[in-house]
Structure formats: C-alpha cells, structure tokens
Protein chains: 2
Amino acid sequence: MKRRLSTAVSLPDPANRDDPGRRPTIRDVARVAGVAVSTVSYVINRSGQVSAETRLRVNSAINALRYEPNLLARNLKAGRAGSIGLIAPDLRNPYFAAVASGVQEIAQARDMLLVLCTTQSAQHWENYYSQVLRARRLDGLIFLSGSGMLTPSLMELVQSNSLVLVDERLPGLDVPSVVSTNRRGARAVADHVLSQGHHRVGIISGAPNLWTAGQRMAGYREALAAAGIDPDSVPVVAGDYQQESGYAAARILLSGPPAERPTALICANDLMAIGAMLYCREIGLDVPGDISLCGFDDIPLASLVQPGLTSVDQCGETLGRSACRLLLSLIAPPSPDDQGPIETDHPTKLVIRGSVAAPKAA
Amino acid sequence: MKRRLSTAVSLPDPANRDDPGRRPTIRDVARVAGVAVSTVSYVINRSGQVSAETRLRVNSAINALRYEPNLLARNLKAGRAGSIGLIAPDLRNPYFAAVASGVQEIAQARDMLLVLCTTQSAQHWENYYSQVLRARRLDGLIFLSGSGMLTPSLMELVQSNSLVLVDERLPGLDVPSVVSTNRRGARAVADHVLSQGHHRVGIISGAPNLWTAGQRMAGYREALAAAGIDPDSVPVVAGDYQQESGYAAARILLSGPPAERPTALICANDLMAIGAMLYCREIGLDVPGDISLCGFDDIPLASLVQPGLTSVDQCGETLGRSACRLLLSLIAPPSPDDQGPIETDHPTKLVIRGSVAAPKAA
DNA sequence: CTTTCAACACGAACCGTTTCACATTTCCGC
DNA sequence: GCGGAAATGTGAAACGGTTCGTGTTGAAAG
C-alpha cells in the first residue's frame with residue numbers, strides 16, 4: 001500500500017512537458033491561457049458563451065504555442081473520419097483519372113479528404129480496401145468496380161447508406177449509383193457506323209460481367225437489329241478495356257480472309273479501339289479507308305490520334321462530381337446549400353471524328 | 001448531495017447497448033468472451049501472453065459480433081494516421097497520374113492509405129492541404145509542386161522528416177527529394193534535334209519558377225552552345241505544361257515570315273509539344289517535313305500521336321515508387337525488409353520517334 | 001511444505017478532443 | 001436586500017482503443 005502511494009501514483013510528469021518535438025495539445029493551451037480545457041474547445045468551435053476577453057486570451061495562447069487541434073482525436077470523438085474513399089481499378093486509365101478528378105473537386109469544396117485506392121481490377125484488393133475503409137470509419141465510399149461484384153463488406157456499407165457506385169448498376173439491388181446512359185450511347189455510335197453502309201462488322205466488347213459492358217453490348221445489338229443484321233451473327237471478342245486487349249481482339253477479328261472480314265470494328269472503349277487501330281496500322285490496313293473504327297468514353301486521346309477516333313462522350317469528371325455529391329447527400333441528408341436534385345443518369349454524346357467512313361465498294 | 005447521487009450519477013445506460021446500427025467495440029467483445037478489455041487487445045495484436053483457450057474464446061466472440069477494431073481510436077493512441085498524403089497539381093496530367101500510381105503501389109504494399117490532394121497549381125491549395133495534413137497527423141507527405149514554392153507549413157514537415165519532394169530541388173535547402181535527371185535528358189533530346197542540322201530552333205519552356213523547367217532549359221542551352229548556337233539568340237516562350245499553352249506558344253514562335261521561323265520546336269513537355277503539333281497541323285505545316293518537334297516526359301500519348309513524338313522518358317511511376325519508398329524510410333528509419341539504397345536521381349532516356357527530321361534543304 | 005517464478009489475466013491510465021450538466025458570478029427588477 | 005435569470009466558466013465523462021504495472025495462479029524447485 002505504501003509502495004503504491006509512493007511510486008505508482010503517477011503525477012503529471014513535468015519532464016515530458018518539454019519534450020521537444022511534442023506538439024502542443026489543448027491542455028497546454030488551457031494552461032497557458034489560464035482557463036479550462038473545455039473553454040478552449042468552445043473557443044475553437046462554436047464560440048458559444050465565452051466572453052470576448054477570454055476568447056482573446058485563449059487565442060493568443062493558441063498563437064503563442066502554435067497549436068493546431070489534433071484531428072485524429074476530434075474524429076474519434078465524432079466517430080467520423082472526415083474523408084471519403086474512392087476505389088477504382090487504375091489511375092492511369094484516363095477515364096478513371098477523370099472520375100477521380102471530379103470526385104476530388106467536390107470533396108475539396110466540402111472540406112473532405114479523399115482516400116485513393118486502386119485495385120487493378122482484382123477482387124482481392126476490392127475486398128481488402130472495402131474492409132480497411134470500414135475499419136477506418138470513412139464517411140463514405142465511391143466504388144468503381146473492375147470486377148462487377150460487390151463484396152460482403154461493401155454490402156454492409158450499402159446498408160449504412162454510404163456507398164455510391166459509378167457506372168455500375170446491380171440487378172435487383174437498390175444501390176445508389178451514378179451512370180452514363182451507356183446503352184443509348186452505344187446504340188448511337190453503332191447506328192452511326194451502320195448508317196455508313198457497313199454490313200460485316202465485328203465487336204470488341206468489355207468484360208462480360210461488367211455492367212457497362214453489358215449495356216453497351218445491348219445498345220450495339222439494338223442498332224444491329226434495327227439495321228436488319230442478326231446480332232447473333234456478328235463476331236464478338238471480349239477484351240478488358242485495356243489497350244493491349246484491343247490489339248489482341250483486333251488480331252482475332254481480322255484473321256479471316258479479306259473478303260469475309262469485318263469492314264468496321266465497334267469497340268466498347270477508346271483504349272481498346274486505339275489498340276485495334278495500332279494493330280490495323282501494323283498490318284497495313286488504312287483507317288478509315290480499309291476499316292472503320294469507333295470507341296467509347298471519348299478520352300482526350302481520342303481526339304489526338306490520327307485519324308481522330310469517333311467515340312461516345314461520357315464526361316468522367318461530371319460523373320465523378322455527381323457521384324461525390326450524391327454520396328455527400330446520403331451522409332448528411334439535406335444540406336442547406338442544396339443544389340437541387342443530383343443527376344444519376346448522365347447523357348452521353350456521339351462524337352464524330354475521322355475513324356469511320358463508308359466501306360469500300362464491295 | 002442527495003440530488004446529485006440520485007440523478008447525476010450516470011450508470012452505463014443499458015439502452016444504448018442494443019442501439020441498432022451501433023458497431024461493436026472491444027468492450028462488447030470482452031463482455032461476450034468474459035475477459036478483460038486488455039486481453040482482447042492482446043489477442044488482436046501481438047498475441048503475447050494469452051493462453052490458447054482464451055484466445056479461442058475471444059476470437060469466437062469477435063466473429064460472433066462481427067467486430068472490427070476502430071482504426072480511428074487506434075490511430076489516436078498511436079499518434080499516427082497510418083496514411084500518407086500526395087499533393088499534386090492535377091490528376092488528369094498523365095505524368096502526375098503515373099507518379100500517383102507508383103506512390104499508391106508502394107503504399108498499398110505497406111498497408112498505408114494514400115490521401116490525394118490536388119491543387120491546380122494554386123499556392124492557395126498547396127498551403128491549405130499542407131496544413132490539413134499536418135493537423136490530421138499524417139505520417140508523411142509527397143509533394144509535387146505546381147508553384148515551385150514551399151509554404152511555411154511544408155517547411156515544418158521538413159523538420160520532422162516527413163516530406164519528400166518529387167521533381168523539385170530547392171536551392172540551399174536539403175529537403176529529401178526524388179528527381180529525374182532533367183538537365184541531362186534535355187541536353188540529350190536537344191542534341192538529337194540539332195544533330196539533324198537545324199539552325200533555327202524555338203523553345204517552349206515551362207513556368208520559369210519550376211525547378212524542372214529551369215533544369216530542362218539549362219540542358220537545352222548546353223546543347224545549343226555545343227552546337228555553336230548562341231543560346232541567348234533563340235526565341236523562348238514560356239508555357240505552363242498544359243496542352244493549350246503549347247498551342248499558344250507555337251503560334252507565337254511561328255508567327256514570323258517563313259524564311260526566318262524555326263525549323264524545330266523544342267518543347268519542355270509532351271503535352272505542350274502535342275499542343276504545338278495541333279497548331280502546326282492547323283496551319284498546314286507537316287511534322288516532321290516542315291517542322292520538327294520534340295517533347296519531354298514520354299507519356300503514353302507520345303507514342304500514339306501521328307507522327308510519334310520524340311521525347312525523353314522519365315518514368316513517373318518509378319519516380320513515384322522511389323518517392324514513396326524514401327518517405328517510408330524516413331518515417332520508420334531502417335526497415336528490416338530493406339531493399340538497398342533508394343535512388344534519388346533517376347536516369348532519363350531519349351526516345352526517338354518520327355517527329356524529328358532534318359530540315360528541308362535551305 | 002514452503003518458496004520462486006513463469007504464465008496469464010486484469011484494472012486503470014492515457015491518447016486529445018467534445019460536450020453535458022453544473023457551479024459561479026453578474027446584473028436586474030422588485 | 002433578495003430572488004432569479006442570464007452569462008460565463010468548469011469538471012468530468014465519454015469516444016475506442018493500447019499498454020504498463022500488478023495480482024493471481026499452478027507447477028517446478030528447494
């Protein structure tokens with residue numbers, strides 16, 4: 001008992017007060033200003049009920065100590081991290097970069113931090129990050145799937161109203177999401193190609209379990225049917241939205257004898273279309289003289305290749321902005337500076353450039 | 001006194017135990033497992049000194065409750081956020097996206113989260129984020145400046161050994177940084193252009209207060225001098241590394257009478273070179289027939305434009321990886337899984353494509 | 001049959017805030 | 001001169017973990 005009293009009772013150790021490198025806490029400020037900790041807190045926050053004179057003393061203590069509140073502690077108390085997460089396959093895809101850019105723009109305006117997670121489209125990472133972000137009590141999550149699946153961890157986020165999907169819509173489930181009108185856009189670009197008189201076309205589609213890939217495919221099929229072509233008769237090769245897969249798919253689709261091979265390749269995104277263009281160039285096919293090509297996304301690159309790539313504009317940045325706004329509105333229901341309803345279906349626009357032309361007279 | 005006892009003493013309220021939506025805490029786990037909170041903690045962490053049987057009980061309680069530790073609390077206790085920040089001008093610039101990608105790759109491997117902050121090259125945002133990230137006790141910061149300046153807040157981070165600069169080196173100050181050998185790369189590409197026999201060249205430089213811009217300019221001047229051209233005699237227009245500024249700069253540089261205007265434009269980055277290329281194309285100049293063009297960065301785009309852009313490869317991703325490794329080594333000094341010294345000066349490589357040719361016989 | 005000592009479990013302090021519920025002072029009207 | 005509201009300041013309990021120092025065992029050692 002005596003021992004206890006003499007050794008174990010830990011008085012505030014004056015030594016660590018001067019520990020250099022130690023950053024001042026609200027307690028230091030209180031001590032210097034000669035007020036209670038809670039008073040300092042009130043000064044820092046909704047300056048309610050504190051006299052001008054006290055406020056002054058506290059503020060000068062804050063300045064003297066160069067105190068900055070520890071957000072970690074604040075967040076623990078509040079139970080929210082003040083940041084949102086963005087899970088996306090890969091930043092180097094300009095489309096994802098654009099979405100990220102839009103998300104960040106809105107987050108920035110609302111004093112939210114953005115945690116960026118890339119998954120290389122691997123379910124493993126999608127799962128990992130959705131768990132980590134849950135554990136970190138992030139306020140919300142914007143998810144661009146590379147796999148087309150929702151992990152259980154993600155499903156729980158849906159329950160708590162803090163998940164927004166971009167360019168993905170789950171059958172049956174009512175998950176908040178922001179999408180482009182993929183089907184309509186695909187229909188439009190395919191209509192355009194077919195209206196040039198192509199009869200033998202090939203399709204380079206996206207990964208089959210991706211919602212966008214399905215939608216675009218549906219649009220293409222609509223257009224084909226409307227042009228009197230049996231959709232089931234056209235050759236389709238699935239890629240993965242990467243440039244290399246477009247190259248590889250083109251090689252497959254163009255492997256037949258010249259008389260039978262497609263005079264136009266409809267590609268489910270620009271990167272793959274460019275891959276295909278590279279292959280065509282390599283085997284000496286002129287675009288659009290020998291073969292027409294179109295893409296989807298309208299990434300900046302599309303206007304810079306030669307010939308310019310006919311594509312479908314879906315502004316990634318706008319999508320990102322809407323997604324972030326939607327997410328924030330879910331988190332803090334009815335914000336006062338409300339800017340009206342948030343678009344969840346973004347229109348797409350056909351962008352005609354030089355890569356599509358009429359087929360050579362057969 | 002009596003009043004106090006009967007009303008103010010707040011017993012643990014059983015009501016909020018069942019509050020649905022409330023996530024289980026370590027205390028709930030302890031209660032269910034019938035052990036002390038500290039024991040649960042030990043199980044979760046360095047499982048030291050816990051009997052197999054207890055560990056089992058705790059683990060099954062964890063599973064039953066679907067408990068996940070609150071990282072916010074953990075971090076407060078630890079005083080570190082377990083994440084690093086990346087401050088960069090703009091994600092849509094593929095070079096920055098590549099750096100970010102490299103950083104994220106390493107961070108991911110070390111279980112660190114990446115907070116992404118974009119500044120649009122505005123000092124205002126650079127300052128804002130450096131403060132916010134300090135307040136959040138982020139473990140470290142990787143900074144790509146758009147303005148060439150370090151805010152005071154950033155300087156304090158230098159003191160605490162948790163700031164790494166990318167592609168920036170401050171005169172006098174010894175701030176850890178990772179750079180490409182900009183000067184050498186610039187020298188190489190300019191040598192290449194001049195070796196084709198160009199005598200009248202123009203330069204589109206970067207913003208003058210950026211370190212990279214200065215270095216590249218120095219390299220160009222070396223090459224000019226070596227080729228017997230007075231560096232001060234060549235026209236220079238400063239851009240801002242954006243495509244539009246390249247376009248504008250080209251218009252200025254090519255405004256003279258045909259006999260006097262440059263036969264080659266040396267551009268301080270690819271985006272501006274592409275802008276210049278667009279302008280040339282617009283006024284009917286053939287690249288490289290009428291005018292040669294070169295860039296810097298070797299972004300993916302450079303190989304896709306027609307003709308391919310001769311450029312200098314500086315792998316943004318590698319730079320990002322090194323920067324992140326360097327930062328992590330500053331934070332937790334000598335990691336055991338050390339992979340040797342970290343490169344801070346990354347070599348550049350001349351990439352020759354079709355955009356540079358000999359000038360037409362004068 | 002003590003003593004010693006691991007091994008294991010526990011309680012409580014602490015990280016740096018916020019915020020609730022009071023305590024104290026001031027001031028006013030009666 | 002008194003009661004009471006308003007204004008201002010305070011202490012202490014959270015938030016959800018980690019970790020130090022200590023208490024309690026049971027078995028091996030003496």
- Between atom CZ in B:R31 and atom P in D:dG17, what is the gap in whole Å? 13 Å
- Task: Return the 5'-most residue of the pair B:G34, A:E68 with respect to DNA chain C, ranking by each residue's nearest nucleotide.
- Result: B:G34
- Query: Salt bridge or not for A:E68 and A:R23, using N-O below 4.0 Å?
  - Reply: yes
- Message: As a test of understanding, state which of A:T344, A:V175, A:V178 forms a side chain to side chain contact (heavy atoms under 4.5 Å, CB included) with A:R169.
- Response: A:T344
- For DNA chain C, what residues of residues 72-84 of chain B have any heavy atom nearer than 4.0 Å? B:L76, B:K77
- Exactly one of B:R134, B:R80, B:R110 clears salt bridge (Lys or Arg N to Asp or Glu O under 4.0 Å) with B:D139, and that residue is B:R80
- Under-3.5 Å donor-acceptor pair between A:T39 side chain and D:dG9 base: no
- Query: Which one, C:dC10, D:dG16, C:dT18, comes nearest to the side chain of A:N45?
  - Reply: C:dT18
- Classify the ring geometry between B:Y128 and B:H124 as parallel (under 30°), tilted (30 to 60°) or perpendicular (over 60°). tilted
- To the nearest 0.5 Å, what is the distance between CG (B:L138) and CE (B:M112)? 9.0 Å
- Student check: side-chain heavy atoms of B:P89 and B:T118 closer than 4.5 Å: no
- For the side chain of A:N70, counting heavy atoms from C-beta on, which of C:dC10, C:dA9, C:dT17 is nearest? C:dT17
- Task: Determine to 10° how strongly the helix from C:dC1-D:dG30 to C:dC30-D:dG1 is bent, judged from the axes of its five-pair ends.
- Result: 60°
- With no angle test and no hydrogens, is the base of C:dG11 tied to the side chain of B:S38 by a donor-acceptor pair under 3.5 Å? yes
- Task: Let me know, please, whether A:S51 or A:R27 comes out on the 5' side of the other along DNA chain D by nearest nucleotide.
- Result: A:S51
- Message: If I take atom CG in residue B:L56 and atom P in nucleotide C:dA9, what distance separates them, rounded to the nearest angstrom?
- Response: 12 Å
- Task: Have a look at A:V37 and say if it touches a base, only the backbone sugar-phosphate, or nothing, with a 4.0 Å heavy-atom cut-off.
- Result: base
- Listed nucleotide nearest any side-chain atom of B:T54, set C:dC8, D:dT18, C:dT18: C:dC8
- Message: With a sphere of 6.0 Å drawn around CG of B:D174, does it hold more than 12 non-hydrogen atoms of other residues, nucleotides or ligands?
- Response: no
- Of all the nucleotides listed (C:dG16, D:dT19, D:dG17), which has the minimum atom distance to the side chain of B:Y42? D:dT19
- In whole angstroms, how far is the C1' atom of D:dG9 from the CZ atom of A:R55? 13 Å
- Message: I need the CZ-C1' distance between B:R57 and C:dC8, as an integer number of Å.
- Response: 12 Å
